[in-house]
2 protein chains.
Amino acid sequence: MKKDIIFNVIKNSPNSLTAEEIYNDVSQDIDVNLSTVYRTLNNLVEKDLVTKVVRQDKIAYYELANNEHKHYLICDNCNNAYSTDMCDLDKIARKIKKETGFNITSHTLEFHGICPECLKNVK
Amino acid sequence: MKKDIIFNVIKNSPNSLTAEEIYNDVSQDIDVNLSTVYRTLNNLVEKDLVTKVVRQDKIAYYELANNEHKHYLICDNCNNAYSTDMCDLDKIARKIKKETGFNITSHTLEFHGICPECLKNVK
DNA sequence: AAAAATACGCAAATCATTTGCGAGTACACT
DNA sequence: AGTGTACTCGCAAATGATTTGCGTATTTTT
């Protein structure tokens with residue numbers, strides 16, 4: 001099944017991927033249609049196997065539904081995304097829950113700026 | 001100029017608005033085209049008068065470029081957004097800056113869950 | 001007032017993603 | 001093996017937010 005192959009690409013990727021990136025990767029091995037990729041992705045997200053996050057560029061990024069919570073530093077110059085595991089948000093989330101009664105189940109956090117590499121070149 | 005009228009709608013709104021919401025609001029007073037709203041919005045964002053944030057629903061939300069940093073609690077049930085000013089992120093941002101050399105200039109944070117109102121009804 | 005610069009409307013284009021539909025494939029039960 | 005039911009896919013067309021080209025107003029500058 002193509003679902004397994006698509007899921008494997010996500011599993012083996014250290015960073016989150018767009019549907020198109022996944023499509024390009026999978027296409028090297030098998031014949032697959034973009035809509036199949038999208039359908040499969042939605043399927044995996046529904047089953048909580050994959051996490052989908054929409055970034056400021058309006059593109060959805062997919063990664064293994066994880067356990068290890070990550071956030072991204074996105075360079076506004078080169079557009080690369082660096083991940084960080086720094087996240088004190090659970091603490092904040094708990095606080096908000098307590099103070100507002102809002103039952104928080106997830107959050108997304110995106111930092112924007114210029115990465116060290118680009119900083120060098122710009123200077 | 002229509003720009004002023006559009007800007008005023010944003011100024012007078014306590015929460016962030018979509019282009020369509022702004023369009024609907026402005027349309028009550030004057031004759032305006034949706035593309036004008038979008039063009040104006042982009043203009044205001046460029047001039048740092050307005051902040052644009054793309055949420056998980058892939059829709060752009062606009063609000064007064066602010067000083068007071070806000071984040072949103074978005075209810076996955078009723079889709080209402082509640083704002084909170086809780087944000088220890090500047091601290092985290094500084095830490096990341098120090099440890100990675102990444103020059104962070106902005107960030108977006110979005111909490112998802114179920115609001116107290118919906119929690120009542122679901123139970 | 002003429003020239004140069006903006007602002008705007010309208011229709012068409014974009015782009016990521018979704019969907020309808022029809023054909024192919026797999027599994028289950030008789 | 002035969003039939004039925006349920007997925008899985010490909011393909012083309014649809015979606016929906018946003019952008020863009022272009023021609024026409026309206027404003028600003030000189």
Side-chain angles (χ1 to χ4, degrees), chain A residues 1-10 13 15-63 65 72 74 76 79-81 108 110 112, chain B residues 1-10 13 15-63 65 72 74 76 79-81 108 110 112:
Chain A
M1 220 154 301
K2 310 200 173 182
K3 185 192 290 191
D4 298 323
I5 301 179
I6 290 172
F7 190 35
N8 268 330
V9 169
I10 296 175
S13 170
N15 39 39
S16 49
L17 302 167
T18 65
E20 206 185 346
E21 287 170 335
I22 293 169
Y23 169 72
N24 288 334
D25 190 326
V26 172
S27 290
Q28 296 190 324
D29 299 330
I30 59 169
D31 214 10
V32 73
N33 190 283
L34 225 203
S35 57
T36 299
V37 172
Y38 275 111
R39 257 191 289 244
T40 305
L41 251 16
N42 285 339
N43 211 264
L44 292 170
V45 169
E46 250 177 42
K47 288 179 181 153
D48 284 324
L49 294 171
V50 165
T51 300
K52 169 188 181 181
V53 177
V54 172
R55 300 229 269 252
Q56 293 303 305
D57 55 13
K58 283 207 172 181
I59 296 175
Y61 290 77
Y62 300 86
E63 64 182 4
Y72 292 88
I74 296 153
D76 289 329
N79 209 36
N80 277 358
T108 62
E110 197 175 310
H112 279 263
Chain B
M1 221 154 301
K2 310 201 173 182
K3 186 193 289 189
D4 298 323
I5 301 181
I6 290 172
F7 189 36
N8 268 329
V9 170
I10 296 175
S13 172
N15 40 40
S16 49
L17 302 167
T18 64
E20 206 185 345
E21 287 170 334
I22 293 168
Y23 169 72
N24 288 334
D25 190 326
V26 173
S27 290
Q28 297 191 319
D29 299 329
I30 58 169
D31 214 10
V32 72
N33 191 284
L34 225 202
S35 57
T36 299
V37 172
Y38 275 110
R39 256 192 288 244
T40 304
L41 250 17
N42 285 339
N43 209 266
L44 292 169
V45 168
E46 251 177 41
K47 289 180 182 154
D48 283 324
L49 294 172
V50 165
T51 300
K52 169 186 180 181
V53 176
V54 173
R55 302 230 270 251
Q56 294 301 308
D57 56 11
K58 284 210 174 182
I59 297 176
Y61 290 77
Y62 301 86
E63 63 182 4
Y72 292 88
I74 296 153
D76 290 328
N79 208 36
N80 276 358
T108 62
E110 197 175 310
H112 280 263

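Below, each value reflects all heavy atoms present in this structure, side chains not excepted, and no hydrogens, waters or symmetry copies. Note that the structure is predicted; figures quoted are calculated from it, not measured. Throughout, a chain's letter reflects where its sequence line sits, starting with A, and its residues are numbered from 1.
With distances taken from any side-chain atom of B:E20 to the nucleotides D:dA17, C:dT18, D:dT19, the minimum falls on D:dA17. The listed nucleotides are C:dC8, D:dA12, C:dT17; the one nearest the side chain of A:S35 is D:dA12. If you check D:dT19, D:dG10, C:dG9 against the side chain of A:N33, the one that comes closest is D:dG10.
Of the possible polar contacts, none joining the B:K2 side chain to the B:V37 backbone as a donor-acceptor pair under 3.5 Å is found. Put simply, the side chain of A:S13 never gets that close to the backbone of A:V9: no donor and acceptor are under 3.5 Å apart. Using modelled atom types, no side-chain atom of B:K3 and backbone atom of B:L44 make a donor-acceptor pair closer than 3.5 Å. Listed for the A:K52 side chain is no donor-acceptor partner under 3.5 Å among the backbone atoms of A:Y62. Proximity of a side-chain donor or acceptor of A:E63 to a complementary backbone N or O of A:T51 within less than 3.5 Å is not detected.
Not one side-chain nitrogen or oxygen of A:K58 sits closer than 4.0 Å to the OP1 or OP2 atom of C:dC15. Here B:K2 reaches the OP1 or OP2 of C:dG9: one of its side-chain N or O atoms lies under 4.0 Å away.
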Under-3.5 Å N/O pairs linking protein and nucleotides 28-30 of chain D:
none

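Residues from residues 39-49 of chain B lying near DNA chain C, meaning a heavy-atom separation below 4.0 Å, are B:R39 in numerical order.
By the side-chain contact (heavy atoms from CB on, under 4.5 Å) test, B:E21 is found to be paired with B:L17, B:T18, residues two or more places apart in sequence or in another chain being considered.
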